[in-house]
Amino acid sequence: MAEITKAVKDKAEEKAAKLADPIAASIDPATQQMIARAQQMGIDTVFDRAVQMKPCNIGIQGICCKNCAMGPCRLPLTKSISEGEDTRKGLCGATANTIAARNFARMVAAGAAAHSDHGRCVAEVFMSAARKESDAYKIKDTTKLLSVAAALGVATTVEVDGAVKDRNIDEIALEVGEIALNEWGKAEGELVYLKRAPQPLYEKWTKAGVKPRNIDREIVEIMHRTHMGVDQDYKNIVKQCTRASLADGWGGSMLATDLQDILFGTPYPLQAEANLGVMKQDHVNIIVHGHEPVLSEMIVAMAQRKEIIEYAKSKGAKGIQLGGICCTANEIFQRHGVPQAGTYLQQELAIITGACDAMVVDIQCVFQNLANVAKCFHTKLITTHPIAKMEQDNVVHIEFDEHHALEDAEKIVRLAIDNFQNRKGEVMIPQYKATAIGGFGVESIEYHLGGTFRGTYYTLNDNIINGRIRGIAGVVGCNNARTRHNEAHIAVVKELIKNDVIVLTTGCNGIACAMEGLLTPESAAVYCGPGLKEVCETVGIPPVLHMGSCVDNSRILLAATEVVKAGGLGKDICDLPAAGSAPEWMSEKAISIGQYFVSSGVYTVFGLHLPTSGAPVFHNYLSKELEKLYGGKWDLEADPIKHAHLMIAHIDKKRKELGIDKARDRVLMDMADRQKLEA
Ligand code: SF4
Ligand code: MSK
């Protein structure tokens, strides 16, 4: 009997040991609460699966090749190899450098493809709007249209009888759409937007021979070059990584951002709330998850219609509560103030509340396990994109098409409303949420930090030069279940603002900062160093500026370009006291973003690990040699405080090179120091 009891106990302990510790899994109390609830209900989440399945030690280092059927060839890195001559090779003779570079390149290709295909979809919808084929989509922001037209070389005026007149907006929109769509597959030339970069950077790209010819071609060429037996020089492979990543950052992503702004409005600061606590027990809760605002914009519009709200009330709900997960959250937050329900790692947890009447997904970052979790509740899981379906039979597919977008959105919202009465079991919505201000595009930063007078980035530059602001950091990217949810995101950002570095954020870092209350002007008094605090309080901005979704990293490139243009901080992006970071990255898109940041002159630090460590020579090339070509380089640091200080050290180095390090020495005074002076 005693033995049976012990066996049962051992089994129970073994099972418990395979579950995640909610406190160790996340710093966020709402997340901890929902992980514990899932475990009590016997539903596994990504947090448990991360405990149960360890990553492959060879794959994680980037040194497993499966590019042909003679492999997979695995080239483990041992201590003796790293110290001596590296003779490792696959069956074909591919070296560790070749294998790691090929794997890295394929990540860039997948990431650039994901962002750029998103952009292509937006461009197609834009064309329908320009051709007036769609009732749902219209040219909303004509000011942005005119500025994008100028960047694409589309004339905005016309000469009639010797007089210059404004050109018809519809004609401009059509030409913008045609030129934009052409960027994906034009036969000759180079991407038009490359010329938006500072001239010295453009010249570096020209000299290095990395200017993208068209978006699709560079992605295809990576797949060709990394096929068995093609490019076997890691430096040459990295060259193509640069070209494809630039096609993402200065191509597909930038076009996605611009065309989205024209269709749905350029973001300006607005207020919302963030975290799972935004869901409401007595409302129909619809969670929109994925990336393309083409879908979510229609859901937002439909959920606000009077007859739809009345329909929800007729089913016993008090109204409709929308919430976003992942970059869809960022898109509808920055343009409509729709609350952000959570980050990438909270997607299953939104369903675990028992209050999610529908989760509507499109593309990228969507867990297939959502279908298994939804099965345990009443939640309707709705896929909407022709390229992103799920095999499970409880998933409903309602294909979204720009030609009948409003009808599709209505079908989806009514399905969610009809499902409200099907809730079963106890609803448990964690009572945690924070206020957040978002909507800081290139244009609104110019307004807030440049002022109405000058309308440029001059005031921002002035504050950097006088040292109140030490530098600029772009902190972006995903969560990763291999590390404590949001811990590194928040630690890195807090350490930066404590040291007077203003933070520009996108993606899931933006949501993490929103959940932590860092996207409010009031947070400056609590977390910032004296210089940044003073600027934030004077101008009324948060120390962390939310700039949107993953494709909106292109806004960071353009903001950096504006800082260069405003003068006094060098001639190129690499001259700026600025650095980039992705503390909890996980997606292939992050690698593409990292590569285009680096190739645009940004010192870029990733957290966790990089799939390069098994090939030290290749890793060294990325983290040292690339700087000679473009002024930016990769770095890796898992410890968030050290990570932030690597960025700060780089910022200080740039300040010194610019000769503005002394200015900062003078302003580094806290209130007590000042009071002493005043006395
Ligand atoms: Fe192995 Fe070479 Fe085939 Fe890769 S391409 S799996 S290294 S034989
Ligand atoms: S959603 S790519 S987890 S940031 Fe863009 Fe978040 Fe990363 Fe997806």
Side-chain angles (χ1 to χ4, degrees), residues 46 58-59 62-75 88-103 106-107 110-115 118 225-232 237 248 253 256-257 288-293 296 324-334 340-347 361-367 388 474-481 483 485-486 489 505-515 546-554 581-594 606-608 614-615:
V46 63
I58 296 173
I63 38 174
C64 171
C65 180
K66 52 183 177 63
N67 291 12
C68 88
M70 297 200 293
C73 295
R74 307 186 317 154
L75 274 52
R88 292 174 293 164
K89 55 187 174 210
L91 257 65
C92 66
T95 65
N97 292 327
T98 299
I99 289 173
R102 286 198 304 219
N103 289 335
R106 287 189 169 207
M107 293 181 87
H115 284 147
H118 165 167
R225 284 204 201 193
T226 58
H227 182 277
M228 195 275 152
V230 186
D231 203 344
Q232 295 159 31
I237 295 169
D248 173 356
S253 281
T257 297
V288 201
H289 170 24
H291 279 77
E292 285 178 6
S296 50
I325 297 267
C326 277
C327 278
T328 291
N330 291 314
E331 296 285 6
I332 52 182
F333 165 57
Q334 69 178 345
Q340 300 169 306
T343 62
Y344 168 71
L345 282 185
Q346 291 172 285
Q347 52 187 287
V361 302
D362 58 9
I363 48 158
Q364 301 167 23
C365 304
V366 176
F367 288 175
V475 188
V476 307
C478 327
N479 291 128
N480 187 318
T483 187
H485 170 237
N486 283 0
H489 275 315
T505 178
T506 63
C508 288
N509 179 274
I511 305 173
C513 290
M515 288 162 55
H546 184 281
M547 296 192 76
S549 66
C550 295
V551 292
D552 294 333
N553 282 313
S554 61
S581 157
E584 300 181 24
W585 77 281
M586 66 85 204
S587 85
E588 291 162 316
K589 291 179 288 175
I591 294 292
S592 179
I593 294 166
F606 269 41
L608 286 139

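First listed ligand is number 1; within each ligand, the first listed atom is number 1. For the numbers below, each heavy atom of this structure counts, side chains included, while hydrogens, waters and symmetry mates do not.
- For the side chain to side chain donor-acceptor pair (under 3.5 Å) test with Asn486, the passing option among Asn509, Asn479, Thr343 is Asn479; the others fail.
- The distance from ligand 1 to the heavy atoms of Cys65 drops below 4.0 Å at these ligand atoms: 4 (Fe), 5 (S), 6 (S), 7 (S).
- Protein heavy atom nearest atom 3 (Fe) of ligand 1, with residue, atom name and distance: Cys68 SG, 2.3 Å.
- Nearest heavy-atom pair across Gly324 and Ala329 is C-CB, 3.2 Å.
- Those atoms of ligand 2 with a heavy atom of Cys508 less than 4.0 angstrom away are 1 (S), 3 (S), 4 (S), 6 (Fe).
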Inset, instruction - Verify side chain to side chain donor-acceptor pair (under 3.5 Å) between Lys589 and His118, making sure each step is shown before the conclusion. - result: CA-CA 12 Å; Lys589 291 179 288 175; His118 165 167; over 6 Å; no
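- The salt bridge (Lys or Arg N to Asp or Glu O under 4.0 Å) search around Glu331 returns Arg335, not counting sequence neighbours.
- The heavy atom nearest to atom 5 (Fe) of ligand 2, out of those in Gly477, Cys550, Cys478, Gly290, is found in Cys550.
- Distances from atom 2 (Fe) of ligand 1 show that Cys73 has no N/O/S atom below 2.8 Å.
- Residue contact check: Tyr344 has heavy atoms under 4.0 Å from atoms 3 (S) of ligand 2.
- Each of the atoms 4 (Fe), 5 (S) of ligand 1 lies under 4.0 Å from some heavy atom of Arg102.
- Of the possible donor and acceptor atoms, none in the side chain of Thr95 sits under 3.5 Å from a partner among the backbone N and O of Lys89.
- Every atom of ligand 2 is numbered from 1 in the order shown, and the set under 4.0 Å from a heavy atom of Ser587 is 2 (S).
- The nearest heavy-atom contact from the protein to atom 2 (S) of ligand 2 is Lys589 NZ, 3.2 Å.
- With no hydrogens or angles considered, a side-chain donor-acceptor pair links Thr506 and Asn553 at under 3.5 Å.
- No donor-acceptor pair under 3.5 Å is formed between the side chain of Gln340 and the backbone N or O of Ala514.
- Of all atoms in ligand 1, listed by their number and element, those nearer than 4.0 Å to a heavy atom of Met228 are 5 (S).
- With values rounded to the nearest 0.5 angstrom, Cys327 atom SG is found 12.0 Å from Glu292 atom CD.
- Looking only at atom types and distance, the side chain of Ser296 has no donor-acceptor partner in the side chain of Thr328 under 3.5 Å away.
- Each of the atoms 1 (S), 5 (Fe) of ligand 2 lies under 4.0 Å from some heavy atom of Cys327.
- Every atom of ligand 2 with a heavy atom of Met586 under 4.0 Å away is listed here by number and element: 3 (S).
- At a threshold of 2.8 Å, atom 8 (Fe) of ligand 2 has a backbone or side-chain N, O or S atom of Cys365 nearer than that distance.
- For ligand 1, the atoms sitting less than 4.0 Å from at least one non-hydrogen atom of Gly71 are 6 (S), numbered in the order shown with element in parentheses.
- Contact atoms of ligand 1 toward Cys92: 2 (Fe), 5 (S), 7 (S), 8 (S) (distance under 4.0 Å to a heavy atom of the residue).
- Scanning the protein heavy atoms around atom 1 (S) of ligand 2, the nearest turns out to be His291 NE2, 3.3 Å.
- Remark: the backbone N or O of His227 is not paired with any side-chain donor or acceptor of Asn67 at under 3.5 angstrom.
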